[in-house]
Amino acid sequence: MDTFVLHSGCSAVHGFALRAQDSSLVSTKVLTRCACVRLRSGRTTTRLVKHQAGVPAARLVLAATLGSRLVLATAHATTANTTGGPTLVWFKHDLRLDDHPGLQEAVTAGTSLVPVFCFDPSQLGHLLRASRGLEGLLGAVKALKQGFQQLGSDLVILWGPPEEQLPMLVDQLQASSLILEEEVEYRWHKAVDKVRAALPDHVTVQPWKMHIFSQLPYPDNYKQFKQRRGSQLHPIEAPQHLPALPSGLDAGQVPLFSELKDAVAAASSGRQAAEVAALMQDLPVTQTWLSQISRQLVDGELAVQSALHQYLQCADSPSSAANQDLLTAVLSSEVPATPLGSFPAIFNQALALGTLSRRRVYHEAQLQQRKKKEGRKWQAGLQKKKKIALDVPHRSAANTAEVSDFHWHLASSDRVRDTKTGDAARHWRWRGFITDYHTAESVLQEYPTAGSPTEAMLAGDHRPGGNGSGSSSAPDAQPSSSAAEGQLPQSSAPAFLLVHGFGAFGEQWRGQIKALTAAGYQVYAPTFPGYGRSEKQALAYSQELWRDFLRDFVLEVVGRPVVIAGNSIGGFISASLAADYPSLVKGLVLLNSAGKVDKSYTPPTEDPSQPAKVPPKLLVDAASQGLFFFLRTSVARTLTRLYPVAPGNADEWLGQEILRAAADPGALGVFRSVFYLPKPRPLNYLIQELYGGPTLVLQGAKDPLSNAVARAKELEAACRNVRVQMLNAGHCPHDEVPHLVNDGLLNFMQTTVCKDETKSIDVPEHAASSA
């Protein structure tokens, strides 16, 4: 719909003529397409008159006030309700009344509004293992429903796929518009697209987005963003009253915990291979932090807001009994390895469910920080005479909100960014934090028959002009018929999971993603939290955290076992996944992997996750900043050195992406984490003693970071399940000589991993038939 804005004194706009007459505005033409006329002044919009198309407009006498604007909302407008039907507001993970732009838009429209939440078990599998995951969702929805009831309305509860339930509700109510939050996560993009396709043509879909600062769009470089960003936007207050639901509409009830849990478990198991489903049942629930306040956070919006204010003021009165438990949780997170890590550790679930908006968090943190600016610098803490700076909660909350805000907009812009795979980047929230990953689903349209990629595609050539550094033919494979994400392919072949190294990102596997997909396999290249375009919150980054990220990615996104290939530290993390969760890994490929070989190693009796002894914090901070500065100022030189055979592949794009990521808020914290990493287990122990499955080493012989040839031979001698293939390449053979790596990966998949039928994946019959 087009909206025409006429300031007093305008003579004509797009065929609508208005003239000023003393202190009034008089319409002199027939408003042939006008649905409604509103006077907008500041944030207030008042409906003045409503017309049927083609009916002459009545004389409009408006008080001529300075700054007022006459808005003609035509039949093509996206923000006006033209059919008279109610507006649906679809709540997903924005479960609050406070600071809700979509709800404000519906209220401002002046029409009847119907708030809706749809329980879709297929979208909630990730909550099964989260600490109080489903409990938190139910608590948030119950609180939201009660909030609407107190305002005179109600939250309509639906059950089932939204693409089925929402169109039925639209038809029942003859609704004219659907307001919803814009999505960045791929699975929710798909859900919204299905809803759009199922809605009648007359229904307008109106997405909204949240931002802390007025400057839009956000640039993808954080330094530029800080220089250009506009003023801080204030949160929107919750409405004080809402119209009742349409007569006769049943608002429904929130399901019981047991009902929801059983439905989610059943929906998840039907979309997963047997090995994945079995591991999901055996894994313990993820514990984030233990505190009395964690029970408070599952009670919905008002409880979370109360906890936010308690958190921001907890350092004021550390001896207060009410603050003891919360302060203990804060102190357990505010450690040298994770400065400012308390807010994401405590309030992560609230942000993920949307019971708190990041704009509200930022606003309250800044407000409290201004109030306490003149206060005492230090407050006594708890346990072993620890201390917490008075402003740490404020800074942690503000930092978390700003990092989240920047990366949300970064992910949103990624939808239209040109990538090296040809497909838009996809996004997945891991423990509430945004991460990206890459596939090449469009290749399946070009090569619908497995095993038919061109020679150039197999070569993995990503350089301008398409001149490959070599050519090869694919093995005569029988790969899987790739299926849409979240569905099981009919073949039993594993998916490829490609894992990047330190400072890199998933898209660096540009030479493999298309080629392996074109050969008929599912391919995923995720980016670790803290790297690339993924979110960089103040987390305790470690081998275990990144291993758990890969595990959950396989469980929640891939849904089937994998052949995992990792480069550099990504090789070590891949070996860790194979060692600790061998049922998920059908084959392991290491490309110039990090990790030492120690044949005499015996597992320690103490907790191996504890970090080794580290230097003082001031020294760690200085060393981290020095290393960070060096890498940022020497990216081009370093890349050329790491690509000795084909330095042209270390192109400008790669260097610019690394520099862009290094400027992200939180990037320095990832470098700092290097000093706090737990002592690693030897690579040979992971591969042979714990994993024991087929392992291929594709080793770049000219790696300048180590004696690559000797390391590969040492690993092969220590592990009977390792086969080594030397390549004429440096530290990143997958990006330097992609054709050789593609040959190795495809040959390994066909002749080793899929050779023995007992290694194939047990695909449920009903899942295979529906894929």
Side-chain angles (χ1 to χ4, degrees), residues 87-95 100-102 114-128 130 133-134 137-138 140-141 144 155-171 175 177-201 203-210 252 255 260 263-272 352-354 408 411-412 414-416 423-430 432 434-437 439 441 483-488 524 552-553 555-559 767 770-771:
T87 294
L88 303 188
V89 182
W90 180 16
F91 288 80
K92 302 189 295 296
H93 22 256
D94 46 341
L95 304 179
H100 196 290
V114 178
V116 181
F117 183 85
C118 186
F119 281 98
D120 180 6
S122 67
Q123 289 280 10
L124 304 176
H126 63 289
L127 296 178
L128 284 174
L134 291 177
L137 173 65
L138 288 172
V141 174
L144 185 62
L155 179 66
V156 176
I157 303 298
L158 303 178
W159 180 279
E163 67 269 20
E164 298 175 4
Q165 298 302 316
L166 288 173
M168 286 194 293
L169 184 61
V170 165
D171 183 63
S177 58
L178 175 65
I179 295 176
L180 52 87
E181 183 180 12
E182 182 179 317
E183 295 293 345
V184 295
E185 195 173 4
Y186 176 71
R187 64 190 179 94
W188 278 105
H189 264 307
K190 290 183 64 178
V192 170
D193 287 345
K194 289 179 181 178
V195 170
R196 285 178 182 270
L199 290 174
D201 292 341
V203 176
T204 303
V205 178
Q206 303 172 28
W208 61 267
K209 66 174 68 174
M210 166 80 66
L260 182 61
V264 173
S268 298
S269 64
R271 299 164 62 88
Q272 296 168 335
L353 292 174
W408 190 97
S412 179
D414 260 6
R415 294 176 56 194
V416 296
D423 284 27
R426 296 181 179 181
H427 297 86
W428 171 59
R429 286 190 183 272
W430 181 66
I434 297 174
T435 66
D436 75 82
Y437 63 99
T439 64
E441 202 168 82
E485 183 175 298
Q487 295 180 335
L488 287 173
Y524 299 88
D552 294 346
F553 187 85
L555 294 176
E556 297 179 20
V557 178
V558 182
S770 64

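All residue numbers in this chain count up from 1 along the given sequence.
- Listed by chain and residue number, nothing satisfies the salt bridge (charged side-chain N to carboxylate O under 4.0 Å, His left out) test with Glu556 (two or more places apart in sequence, or in another chain).
- Partners of Glu183 by salt bridge (charged side-chain N to carboxylate O under 4.0 Å, His left out), not counting sequence neighbours, listed by chain and number: Lys92.
- Judged by distance alone, the side chain of Ser269 and the main-chain N or O of Ala265 form a donor-acceptor pair under 3.5 Å.
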Show your reasoning for whether side-chain contact (heavy atoms from CB on, under 4.5 Å) applies to Gln206 and Ile179.
-> CA-CA 5 Å; Gln206 303 172 28; Ile179 295 176; 3.8 Å; yes
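- The two residues Pro121 and Ala263 make their nearest non-hydrogen contact at CB-O, 3.6 Å.
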Could you go step by step and tell me if Leu260 and Leu124 meet the side-chain contact (heavy atoms from CB on, under 4.5 Å) rule?
-> CA-CA 9 Å; Leu260 182 61; Leu124 304 176; 4.1 Å; yes
With side-chain contact (heavy atoms from CB on, under 4.5 Å) as the test, would you mind laying out the steps for Val170 and Leu178 before giving the verdict?
-> CA-CA 9 Å; Val170 165; Leu178 175 65; 5.8 Å; no
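- A heavy-atom distance below 4.5 Å is found between the side chains of Arg196 and Val205.
- When each of Leu158, Val264, Leu137 is checked for a side-chain contact (heavy atoms from CB on, under 4.5 Å) with Phe119, only Leu137 meets the rule.
- Between Pro162 and Pro167, the shortest heavy-atom distance links the atoms O-CD, 3.4 Å.
- Side-chain contact between Val141 and Ile157: present, with at least one pair of heavy atoms (C-beta onward) separated by less than 4.5 Å.
- Looking at heavy atoms from C-beta onward, Trp208 lies out of side-chain contact with Glu182 at the 4.5 angstrom threshold.
- What you find for Val203 and Ala175 is that their closest heavy atoms are CG2-O, 3.6 Å.
- Residues forming a side-chain hydrogen bond (donor to acceptor under 3.5 Å, both in side chains) with Asp423 (at least two apart in sequence, or on another chain): Ser442.
- Counting heavy atoms from C-beta outward, Leu134 and Leu128 have side chains that approach closer than 4.5 Å.
- Asp120 CG to Arg187 CZ: the interatomic distance, rounded to the nearest 0.5 Å, is 9.5 Å.
- In plain terms, the two heavy atoms of Ala140 and Leu95 that are nearest each other are CB-CD1, 3.7 Å.
- The ring of Tyr186 has its center no closer than 6.0 angstrom to the ring center of Trp428.
- Nearest heavy atom pair, residue Thr87 against residue Ser177, reads OG1-OG, 2.9 Å.
- Shown here for Pro101 and Met210, the closest heavy-atom pair between the two residues is CD-CE, 3.9 Å.
- Ring centroids of Trp430 and His126 are separated by 6.0 Å or more, keeping the two rings apart.
- Taking 4.5 Å as the limit, some side-chain heavy atom of His427 sits within range of a side-chain heavy atom of Asp414.
- Separating the CH2 atom in Trp188 from the CG atom in Leu180 is a distance of 10.5 Å, to the nearest 0.5 Å.
- In this structure, His100 has its ring center under 6.0 Å from that of Phe91.
- Although no hydrogens or angles enter the test, the distance criterion places a donor-acceptor pair under 3.5 Å between the side chain of Glu185 and the main chain of Arg429.
- Within the 4.5 Å cutoff, no side-chain heavy atoms of Val116 are placed close to those of Val89.
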With side-chain contact (heavy atoms from CB on, under 4.5 Å) as the test, would you mind laying out the steps for Ile434 and Trp408 before giving the verdict?
-> CA-CA 7 Å; Ile434 297 174; Trp408 190 97; 4.2 Å; yes
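- Using a 4.5 Å heavy-atom cutoff, the side chains of Trp159 and Cys118 are not in contact.
- No side-chain heavy atom of Val192 sits under 4.5 Å from any side-chain heavy atom of Pro207.
- Judged by distance alone, the side chains of Arg415 and His189 do bring a donor and an acceptor atom under 3.5 Å apart.
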